[in-house]
Amino acid sequence: MFDVLIKNANLPDGREGIDIAISGGRIAAVGPGIAAEAGETIDATGRLVTPPFVDPHFHMDATLSLGLPRMNVSGTLLEGIALWGELRPTLTREALVERALRYCDLAVSQGLLAIRSHVDTSDPKLVTAEALIEVREAVAPYIDLQLVAFPQDGYYRAEGGVDALNRALDMGLDIVGGIPHFERTMADGAASVAALCRIAAERGLPVDMHCDETDDPMSRHIETLAAETVRFGLKGRVAGSHLTSMHSMDNYYVSKLIPLMAEAEINVIPNPLINIMLQGRHDTYPKRRGMTRVRELMEAGLNVSFGHDCVMDPWYSMGSGDMLEVGHMAIHVAQMAGIEDKRKIFDALTVNSAKTMGLQGYGLEKGCNADLVILQARDPLEALRLKANRLLVMRRGNAIARAAPRVSTLDLAGRPKTVDAADYAPLRPGRG
């Protein structure tokens, strides 16, 4: 007898009519027609069942702070950083914890059960690190939260930044961060990459750097990050986030750069919502999109995963914790609208991001953790198109969030009484 038996599920890999048996918080069996008793049986009715969404790039210390102490009038990255600098001295541990926990509630409702958050270490008081460590422990039963020691004002540029980052790691932050393009000079940026990779190697930690988040094609710190990754034996443990300067680089240089990144097994984390909002701000027309070269990086075999980055904070006044919204924007900005393109985009919100974060027991195979989401869509393509409703969110076999199907009632003579947008999927070969 199983604890839970989910019947008639569609899986992201295209399998249909699949049953998923759960016992002891893990997936015990996956296949068609599982005949067994269960404490609870759930009929997925041909809906998509997926592993939970994963956000490998977020700023939980800033989330939900929109309007404090004022709005970002220009909408630029630099004003956002300046605004955060004004807000930072007023932060309290209690307020940080409250906002972060509220965001985690929203994340759970969206089927988002793993988040990597950057934690600003530029203030030597490190109240942000104290608060997010508390949050990490509080949400551990339902969210895998990883914390990056992130020198927002520059590892070398900020007074006391070197010491503060090391103390934050001593406190228990999980990952070494950086922001080389925000150092005073290109040389300082390159030196910071080398120093931070050395720290990661000595401490046995991963690396995740904001890297080249600029329209300047000469911002090439990702090249240095790839080289230092190889030098310090960090292959597969390093992520380059944003990489927006690659959008503006000449093609010849990129033809050299991408193989270097592939050799170093760099994990790439574009942030479609933020990149399209903040980049190209100095352009008139034509105006650059600002997101890195997603298609080319995927085709070169690099692991590409998408981050939400911000929700209602000094940099981004929008956001909902919905990773399908992130993927929806990525389809448009990267112009990846083909069937296989969209499957790759969906993977960048789930399995690729899980790989970036090094999550154990993630997936829908036998033996994996029973963490999953039932969506009001029949496949990944429709989930992205609709930004589909989360009907059920499960953690270790326990339902932790539910939502009623999103259905409209009509009052039109001779027309159907109800409309479910998920029923409007186009026919495709082999599908009824």
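Residue indices begin at 1 and follow the sequence shown. Given the structure is predicted, the values throughout are model-derived calculations rather than measurements.
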With side chain to side chain donor-acceptor pair (under 3.5 Å) as the test, would you mind laying out the steps for Asn251 and Arg293 before giving the verdict? CA-CA 11 Å; Asn251 291 332; Arg293 303 187 185 208; 2.8 Å; yes
Are Arg385 and Asp379 close enough for a salt bridge, meaning some N to O gap below 4.0 Å? no
Between CD1 of Ile115 and CE of Met60, what distance do you get to the nearest 0.5 Å? 4.0 Å
Can you confirm if the NZ or CZ of Arg157 lies within 45° of the ring axis of Phe182 and under 6.0 Å from the centre of its six-membered ring? yes
SB check Asp423 Arg406 (cutoff 4.0 Å): no
Under a 4.0 Å threshold between the charged nitrogen and the carboxylate oxygen, would Glu228 count as salt-bridged to Lys235? no
Do side-chain atoms of Asn166 reach the backbone of Val162 as a donor and acceptor pair under 3.5 angstrom? yes
Check this for me, if you would: do Arg289 and Asp283 make a salt bridge, where the nitrogen-to-carboxylate-oxygen distance has to be below 4.0 angstrom? no
Sub-3.5 Å donor-acceptor pair from the side chain of Asn10 to the main-chain atoms of Arg378, do we have one? yes
Thinking salt bridges, do Arg70 and Glu86 make one under a 4.0 Å N-O criterion? yes
Quick one: do Arg88 and Asp153 make a salt bridge, cutoff under 4.0 Å? yes
Look only at the side chain of Asn8 and the backbone of Ala44, and say whether a donor-acceptor pair between them is shorter than 3.5 Å. no
Any salt bridge linking Asp250 with Lys256? Criterion: basic side-chain nitrogen under 4.0 Å from a carboxylate oxygen. no
Please determine, by modelled atom types, if Arg390 and Ser109 share a side-chain donor-acceptor pair under 3.5 angstrom. no
Output the distance between atom NZ (Lys387) and atom CE (Met323), rounded to the nearest 0.5 Å. 13.5 Å
To the nearest 0.5 Å, how far apart are CD1 in Ile199 and CG in Leu165? 6.0 Å
Looking just at side-chain N and O atoms, do His181 and Ser219 make a donor-acceptor pair shorter than 3.5 Å? no
I'd like to know whether the aromatic ring centres of His118 and His59 sit less than 6.0 Å apart in this structure. yes
Checking Arg220 against Tyr253: charged group under 6.0 Å from the ring centre and within 45 degrees of the axis? yes
Just wondering, more than 12 heavy atoms not from Arg203 lying within 6.0 Å of its CZ? yes
Before accepting this row, confirm whether a basic side-chain N of the pair Asp174/Arg116 lies closer than 4.0 Å to the acidic partner's carboxylate O. no
Side chains of Gln152 and Asp120, donor plus acceptor under 3.5 Å: no
State plainly whether the residues Arg343 and Asp347 are in salt-bridge range, i.e. N to O under 4.0 Å. no
Answer yes if the side chains of Gln146 and Ser117 hold a donor-acceptor pair under 3.5 Å, and no otherwise. no
Indicate the ring-plane relationship of Trp84 and Trp315, choosing parallel, tilted or perpendicular according to the 30° and 60° boundaries. tilted
